[in-house]
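Below is one structure; the comments refer to it alone.
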Amino acid sequence: MGTRRDARLCSSQVARPKLKETTMLDLKFVQKNLDAVSQGLKKRCKTEPDVAEFARLDEARIALIREAEGLKAERNQGSAEVAKLKRAGQDASELMAAMSKMGERIKELDAELAVIEASESDWLLKMPNIPHESTPEGAGEEDNPVLRHWGVKPELSFPPKEHWELGQALGGLDFERAGKITGSRFCVSFGWAAKLERALGAFMLDCAAENGYTEVLTPFMVNKQAMTGTGQLPKFEEDLFKIEGQEYYLIPTAEVPVTNLHAGEVMEEDQLPTAYVALTPCFRSEAGSYGKDTRGLIRQHQFHKVELVRFSHPEKSMADLELLTSHAEMVLQRLGLHYRVIALCGGDLGFSSCKTYDIEVWLPGQNKYREISSCSNFQDFQARRANIRFKAKGAKKSEFLHTLNGSGLAVGRALVAVLENGQQADGSVILPEALRPYMGGLDRITMK
RNA sequence: GGAGGGGUGGCCGAGCGGCUCAAGGCGGUGGUCUUGAAAACCACUGACGGGUAACCGUCCGGGGGUUCGAAUCCCUCCCCCUCCGCCA
């Protein structure tokens with residue numbers, strides 16, 4: 001395997017990244033692609049961005065820059081003149097007074113400029129990524145085409161139960177006690193369930209390692225800049241848990257800390273692709289999903305997820321999305337779980353993504369396919385916001401690389417799938433063979 | 001939590017109000033020399049923005065202030081290091 005880069009990574013990370021304001025980078029891009037941006041965004045079927053407003057702001061910005069810079073050039077000359085006069089022992093008070101007046105005007109202009117730039121930056125940061133040409137047209141979920149299936153639905157000779165029934169009956173899942181110590185949308189796992197959660201996580205990490213991913217363990221809280229870099233902020237603050245009294249947020253996915261590992265850095269071309277895997281808890285406020293999936297593990301405020309993240313060469317990122325998706329699928333295949341892969345249409349696409357595949361696992365208890373992984377190519381959208389670049393061999397300039405990520409997989413939902421697919425008529429659950437080594441050889445969960 | 005010391009271009013490091021529009025070194029690129037390489041020597045070598053261009057502007061951890069003029073002075077925040085305390 002030639003994809004492990006641990007040693008090189010360490011040496012290149014000695015220097016702390018200096019984060020630049022990303023506004024200017026965004027600006028240039030939109031300026032040059034104003035029409036393409038406006039056309040591309042139509043595919044999202046949401047309200048159209050006010051491109052004219054942006055153009056107006058940008059014109060005002062450039063006019064202000066020209067005026068302010070002209071004055072600054074004069075001021076610099078004047079100051080040099082003052083220095084010359086003083087060294088010659090001559091009086092410079094008149095010139096100093098004139099420069100002082102000019103300084104005030106410059107300050108005014110700079111203040112105006114700051115306001116314009118803030119508006120422009122806000123406009124840009126709230127603009128979603130442009131869907132890839134291969135992203136299908138469509139307004140919402142119901143328009144997502146199914147691309148392929150793997151495996152078959154298990155044939156059960158009895159009416160299947162939902163996972164919470166099974167989990168509670170087998171003494172593993174306890175929602176009531178979680179409600180007592182925290183609140184709704186939390187769960188306590190006991191015994192086999194706690195161990196199964198751990199087993200699934202370890203199994204998934206090992207799969208990823210086989211595929212060349214370097215395991216990382218990151219903080220579960222990040223700052224505002226990181227959240228902005230991957231696109232959660234400024235638009236989706238209400239979905240996040242924020243630490244009171246501090247500018248830290250609980251991560252909604254490992255995508256945030258892992259992608260931002262290289263924020264502000266310039267990577268070497270031969271470091272690409274760099275692939276990481278992280279198992280972290282994920283915290284989501286689930287604001288706006290009241291009444292949805294209120295029972296069971298499907299939609300929790302806290303859940304574990306194994307996340308695959310790739311930093312790719314721009315020319316290879318679309319191929320890398322297929323590869324990444326196949327890595328996520330591999331986990332389900334080894335667990336013997338039936339699933340299908342769908343492509344998200346423009347109207348269902350996430351804010352930062354240009355193309356996304358969802359993997360949906362079959363849940364007999366619910367009698368539906370449910371999302372268990374979401375694999376996306378962000379192209380340079382996140383790289384631009386987080387300022388992550390690479391330098392091609394022999395190239396003078398560095399350029400933005402492409403970032404991708406996908407769940408490999410959502411651990412809680414995988415546990416749901418294992419329970420519902422492995423259930424037997426007697427209420428016990430047969431475990432997939434691949435998991436047994438992680439469960440101390442246990443092959444079946446039974447009533448005590 | 002307490003007390004100190006620091007954050008300067010890809011890296012190291014000087015500068016502590018105006019001959020510095022950041023010295024010097026390392027690294028990188030090109031050249032001379034050489035059969036080739038090394039060494040030596042010479043030249044070039046940051047980012048971003050504005051401008052057709054010449055050129056101009058901004059950037060010395062972030063933000064604010066003082067000044068005709070700030071890497072340099074003041075305020076504030078962040079991060080790193082050392083010691084003490086506490087703690088898994």
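These numbers were taken from a predicted model, which means no experiment stands behind them. Chain A is the first sequence line, chain B the second, and so forth, proteins listed ahead of strands; every chain is numbered from 1.
Between the C1' atom of G50(B) and the CD atom of E120(A) lies a distance of 14 Å, rounded to the nearest Å. Taking atom CZ on R66(A) and atom C1' on G57(B), their separation rounds to 13 Å, with Å as the unit. Taking atom CE of M102(A) as the reference point, atom P of C68(B) lies 13 Å away to the nearest angstrom. Rounded to whole Å, the distance from CG on L109(A) to C1' on G49(B) is 16 Å. The distance between atom CZ of F400(A) and atom P of C48(B), rounded to the nearest whole Å, is 9 Å. To the nearest angstrom, P of C48(B) lies 19 Å from NZ of K72(A). Rounded to whole Å, the distance from CE on M96(A) to P on G17(B) is 18 Å. At whole-Å resolution of the value, CD in Q77(A) and P in C56(B) are 9 Å apart.
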Pair assignment for RNA chain B - dot-bracket with | for other-strand partners, Watson-Crick or G-U under 3.5 Å: ((((((((.[[[..)..(.....]]]((((((.......))))))(((((....))))).[[[[[..)....]]]]])))))))....
Trace of the side-chain hydrogen bond (donor to acceptor under 3.5 Å, both in side chains) decision for N377(A) with S317(A): CA-CA 7 Å; N377(A) 184 1; S317(A) 72; 3.0 Å; yes
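Sequence neighbours left out, not one pair with a member in residues 59-105 of chain A passes ring pair (Phe, Tyr, Trp, His ring centres under 6.0 Å). Among residue pairs with one or both ends in residues 86-114 of chain A, none qualify as ring pair (Phe, Tyr, Trp, His ring centres under 6.0 Å); sequence neighbours excluded. For residues 67-121 of chain A, the set of pairs meeting the ring pair (Phe, Tyr, Trp, His ring centres under 6.0 Å) definition, not counting sequence neighbours, is empty.
Out of G49(B), C68(B), C19(B), the shortest distance to the side chain of R87(A) is found at C19(B). Between G57(B), G51(B), C68(B), one nucleotide has an atom nearer to the side chain of I62(A) than all others, and that is G51(B). Across G18(B), G57(B), C68(B), the shortest atom-to-atom separation from the side chain of A83(A) is found for G18(B). In the set G50(B), C19(B), C56(B), C56(B) carries the atom at the smallest distance from any side-chain atom of A73(A).
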Protein N or O to nucleotides 69-78 of chain B N or O, pairs below 3.5 Å:
residue, atom, partner, partner atom, Å
G69(B), O4', S79(A), OG, 3.0

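Rounded to the nearest Å, the gap between the C1' atom of U58(B) and that of G51(B) is 15 Å. For the P atoms, the distance linking G85(B) with C11(B) amounts to 37 Å, nearest Å. Spacing between A37(B) and G30(B) at atom P, rounded to whole Å, works out to 12 Å. With both ends at atom P, the span from C75(B) to C19(B) equals 25 Å, rounded to whole Å. Between the P atoms of G15(B) and G61(B), the separation comes to 15 Å (whole Å). Nucleotides G9(B) and C55(B) place their P atoms 27 Å apart, quoted to the nearest Å. A gap of 14 Å separates the C1' atoms of G24(B) and U8(B), to the nearest Å. Annotation: C21(B) and G28(B) have their C1' atoms spaced 25 Å apart (nearest Å).
The shortest distance between the side-chain N/O atoms of K107(A) and the OP1/OP2 oxygens of U66(B) is below 4.0 Å.
Checked against side-chain hydrogen bond (donor to acceptor under 3.5 Å, both in side chains), S374(A) has the following partners two or more places apart in sequence or in another chain: D358(A). Residues meeting the side-chain hydrogen bond (donor to acceptor under 3.5 Å, both in side chains) test with N76(A), sequence neighbours left out: none. Residues passing the side-chain hydrogen bond (donor to acceptor under 3.5 Å, both in side chains) test with S119(A): none are found, sequence neighbours excluded. Residues passing the side-chain hydrogen bond (donor to acceptor under 3.5 Å, both in side chains) test with S79(A): none are found, sequence neighbours excluded.
We find that E307(A) and K305(A) are joined by a salt bridge, their nearest charged nitrogen and carboxylate oxygen being less than 4.0 Å apart. Salt bridge absent: D122(A) and K235(A) never bring a charged side-chain N and a carboxylate O closer than 4.0 Å.
At the heavy-atom level, K101(A) lies nowhere under 4.0 Å from the strands shown. K84(A) comes within contact range of no nucleotide atom at all, as no heavy-atom separation falls under 4.0 Å.
Annotation: side chain of L196(A) is in contact with side chain of L431(A) (closest heavy-atom distance under 4.5 Å).
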